[in-house]
Amino acid sequence: MVQPIQRAAVIGSGVMGAAIAAHLAGAGIHCLLLDLVPAQLTEAEAKKGLTLEHPAVRNRLAVDAIARLKKTKPAPLYSEAFAARITPGNLEDDLSKLSSVDWIIEVVVERLDVKRELLGRIEKVWKPGTIVSSNTSGISINDMVASCGAEFKRHFLGTHFFNPPRYMKLLEIIPGETTDPEIVSYMHGFCERRLGKGVVVAKDTPNFIANRIGTYGLLVTLRNMLEVGYTVEEVDAVTGPALGRPKSATFRTLDLVGLDTFVHVAANVHGQTAATAEKDVFSAPDVLGSMVDRGWIGEKQGQGFYKKVKTDSGTQIQALRFDTMEYEPVRKVSSASLEAAKSVKGAGNKIKALLGTKDRYSELGWNTLKPVLLYAAHKLGEIADSIADIDNAMKWGFNWELGPFEVWDAIGLAAAAERMEAEGDVLPDWVRAWIDAGHTSFYEQRNDQRFYAHGGAWSELETPAEHISLQRLKQQNKVVLSNTGASLIDIGDGVACLEFHSPNNAIGADILTMIQQSVEEVRRNYRGLVIANEGRHFCVGANVMLLLMEAQEEEWDEIDLIIRQFQNTMLTLKRLEKPVVAAPHQMTLGGGVEACLPADKIIFSAETYFGLVETGVGLIPAGGGCKEMALRSSRMAGSTDADLQSFVNSYFETIAMAKVSTSGHDTKRLGYMGPQDSVIINQDRRVYEAKMAVLEMDRVGYEPQEEERIRVVGEPGKAVMQLGAYTMQLGNYISDHDRLIANKLAHVLAGGNVPANSLVSEQYMLDLEREAFLSLCGEPKTQARMQHMLAKGKPLRN
Ligand code: NAD
């Protein structure tokens, strides 16, 4: 039996160690963070009269690392408060504490001698049963524990997180020769469910899967560039979205990673491979060495392949020219093949379009893609057991939209193979045999099952039952209702899921109609409703374009009607006699928030950026957002008068300042998370967990939400909020228009011109919201804000 992980210890508090500890803390796992004892006092420590024996000095590295976590961007912690779950310590005084944890993760410098020595020390205090892992990027797992005892080795494996651990989905698990398979399987499940990772099992070979192939890809690109003479920006124009890869493409990625690290990672394979051709590729070109010597290693030193230069007219981005080793302003790159890629949607189509239009950029595309496809195919069996593992590693670790074998399928397996052979390349035997057997792809979809080429036959790609995919359910004809903006999908066991799918998932009339129809359908035929989708963002708000057009045409009755419809729809959802669970993710703003608030429970994705941001477009929430916040204040205050004002004030500030949560957990700080709500880290399980929550509420006998009376702060409370806005304006923190909006918001949240502690109805609050919203729509500065948001995608401060 594997001992379940409740507490952990992270050793090494550098870039990765601290961030891994932060991610564990976010998942509710308390951990120790240990590092070396400093050999010298800092000036500040000496001034304070501290000695090297003082705990503050001895724990300095870990203490400073925890402090840094709170300042690092993007934030490694879901909530600053979680830093308290990390206890700092050092490797001399606290080593014995390792016997009180269930998982020890080694995250110290990438040196075999250092890691070996440390693991030897850990073994001395190790309590049998404790899992021990290393976060090495590429050192052999077996080598690290070569001189350790058998029991220790059975509990040892590689757990390779990608940087930054909170945001990168990939976790490579690398079993050693003697790692207990039960531990591998436990860690697989634990890291997926609890830490939300996409786990891929890799073999103990240099740099494992993603870094092996990713580094190879970057190096062959660089070689091709040097041979033919492309510029830095030309390479990036081709190797970004046109090849289904992130915008950071080749050189922005390298600048982010740091050239020193990259050279080190490449050298690791170079030193360990015997194959001449492969060794050749992994010997980094001279230009990289020369850049490292000059300290041009990327963003951490302010320059690498690119450099930002301040000029009179703002910041200018310059790119390095290898012939002169000088920086020049970045030149725009365009061509027929790049335009062709831009004009189509989906990574597969983009790559096909790029390669299908012949010019020097499609040549570059092919010459950077081909070696990677061949290399991945040649390495199958050596670095990983399945093509799916290789594809997933590249998608989750390098943010590629398609893995190498998926790309190969997209451009045509046989046609690409033919071209490779015509160019003198040798296909791996298994690929040749696969094609000769008449296969035309590496993956195949049969009804709802997906198969992949494995050992000369089709093998089924198994998806855990907890990974409900709306996309797949749609292919299986599970759509119950649908229009242009949304669909209702049967997700099994009597539960339906309302999916938004309009552009940016913005809420317009079509989505409102679908909500109304879904409510009817669920009322009659289902046990409950989930509101979730698989878009990039859950919902960016209401359709501002439509609103602006009506406002410019002065169609006030029309706007009044739209808002009534929005409000009535949300109220209908709230009054549904069946359980409703919303599961938002990523950006969930304005109307998107209002679509979640009527639910009985919200399951926030850990990555949810949630907020009522209407003031950014010169408005206030009018789809029930203000009403729901007044209702929450009233509930939270209960019968205590004093508290009611403080709760309302706090929501006033949150809405007026358009505050957005920095994570699912952070919604609590802003008052959006209620006691019934929860957070889920694993994205693949979001819909499943929401469905389970619906079924649970149904099972215990669901009681529909009833109309509630809301106790409001009334006129005196409104004055308090308005005074706050006035002070902010006097201090020049907000503009006249901000104050006008804040005054209207205060009026609504206070419940209008009624005496303090009046009890009002939900409908009364909705009417106040609507009136205020309508009056703001008539303001030229509000219209200017809407226009700016539509044109620039960010708020205008006017
Ligand atoms: P880092 O240099 O930021 O931190 C290394 C830590 O090791 C420091 O806290 C240092 O005090 C400690 N240390 C140094 N010598 C030690 C010794 N003799 N005994 C004990 N501790 C010692 O490095 P990092 O980027 O956090 O990398 C740590 C590990 O994670 C490495 O194995 C690296 O390959 C791996 N990794 C790094 C990344 C990345 O992007 N940085 C990604 C994945 C894996």
Side-chain angles (χ1 to χ4, degrees), residues 209 212-228 230 235 238-239 242-245 269 273-282 337 340-341 347-391 393-394 400 402-444 451-459:
I209 305 176
R212 178 75 168 261
I213 293 184
T215 316
Y216 184 88
L218 291 165
L219 285 165
V220 288
T221 305
L222 195 60
R223 275 174 194 280
N224 193 258
M225 162 190 198
L226 293 169
E227 267 165 40
V228 185
Y230 292 100
V235 171
V238 174
T239 58
L243 282 188
R245 298 186 192 166
V269 183
T273 179
T276 340
E278 192 177 12
K279 214 176 179 60
D280 258 8
V281 174
F282 281 97
S337 63
N349 291 331
K350 282 185 186 298
I351 301 171
K352 264 200 305 206
L354 177 85
L355 300 183
T357 315
K358 298 288 172 226
D359 59 26
R360 74 188 229 106
Y361 298 124
S362 58
E363 274 306 299
L364 174 62
W366 172 249
N367 287 328
T368 54
L369 208 51
K370 178 181 75 173
V372 173
L373 304 189
L374 281 168
Y375 188 64
H378 277 294
K379 289 289 144 191
L380 181 68
E382 183 185 331
I383 61 171
D385 275 332
S386 85
I387 61 167
D389 279 346
I390 295 184
D391 280 344
M394 297 321 295
W400 290 6
L402 299 174
F405 296 96
E406 290 169 330
V407 169
W408 203 329
D409 274 0
I411 58 178
L413 169 58
E418 228 167 78
R419 183 169 174 193
M420 290 170 184
E421 287 180 326
E423 292 173 359
D425 294 291
V426 181
L427 295 180
D429 292 344
W430 74 269
V431 175
R432 187 70 265 163
W434 185 252
I435 298 173
D436 290 344
H439 298 299
T440 53
S441 60
F442 289 118
Y443 290 93
E444 193 171 271
F451 293 83
Y452 67 103
H454 188 58
W458 288 115
S459 193

Peer 1: Under 3.5 Å, is there a donor-acceptor pair between the side chain of Thr273 and the main chain of Lys279?
Peer 2: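 Here the side-chain-to-backbone pair does not exist.
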Peer 1: Please check: side-chain N/O of Ser441 versus main-chain N/O of Glu444, any donor-acceptor pairing under 3.5 Å?
Peer 2: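 No, because the side chain of Ser441 does not come within donor-acceptor range (under 3.5 Å) of the backbone of Glu444.
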Peer 1: Name the orientation class of the two ring planes belonging to His439 and Trp458 (parallel below 30°, tilted from 30 to 60°, perpendicular beyond 60°).
Peer 2: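 Ring orientation, 0 to 90° scale: perpendicular.
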Peer 1: Between Trp408 (side chain only) and Leu413 (backbone N and O only), is there a donor and an acceptor less than 3.5 Å apart?
Peer 2: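 Looks like yes, one N/O pair under 3.5 Å.
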Peer 1: Can you list everything that forms a side-chain hydrogen bond (donor to acceptor under 3.5 Å, both in side chains) with Arg432? Sequence neighbours excluded, please.
Peer 2: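 Arg432 satisfies side-chain hydrogen bond (donor to acceptor under 3.5 Å, both in side chains) with Glu421, Asp436 once adjacent residues are dropped.
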Peer 1: Hey, is the main chain of Gly365 close enough, under 3.5 Å, to the side chain of Thr368 for a donor-acceptor pair?
Peer 2: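 Between the backbone of Gly365 and the side chain of Thr368 there is a qualifying donor-acceptor contact (under 3.5 Å).
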Peer 1: Hey, does Trp430 have a side-chain heavy atom less than 4.5 Å from the side chain of His454?
Peer 2: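 Side-chain contact under 4.5 Å: no.
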Peer 1: Check Arg360 with Glu363, please: is the shortest side-chain N to carboxylate O separation under 4.0 Å?
Peer 2: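 Here Glu363 does not pair with Arg360 in a salt bridge, since their nearest N and O are not under 4.0 Å apart.
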Peer 1: Measure the spacing between CG of Leu380 and CG of Asp385 and express it to the nearest 0.5 Å.
Peer 2: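 Going from CG on Leu380 over to CG on Asp385, the span is 7.5 Å.
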Peer 1: I want to know whether Tyr452 and Trp434 have ring centres closer than 6.0 Å.
Peer 2: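 No.
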Peer 1: Ignoring hydrogens and angles, tell me if any N or O in the side chain of Asn367 forms a donor-acceptor pair with the backbone of Asn224 under 3.5 Å.
Peer 2: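 No.
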Peer 1: If every non-hydrogen atom of Ile209 is compared with every non-hydrogen atom of Ile383, which pair is closest and at what distance?
Peer 2: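 Of all heavy-atom pairs spanning Ile209 and Ile383, the closest is CG1-O, 3.6 Å.
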Peer 1: Without swapping roles, check the side chain of Lys350 against the backbone of Ala242 for a donor-acceptor pair under 3.5 Å.
Peer 2: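 Pair absent, no side-chain N/O of Lys350 close to backbone of Ala242.
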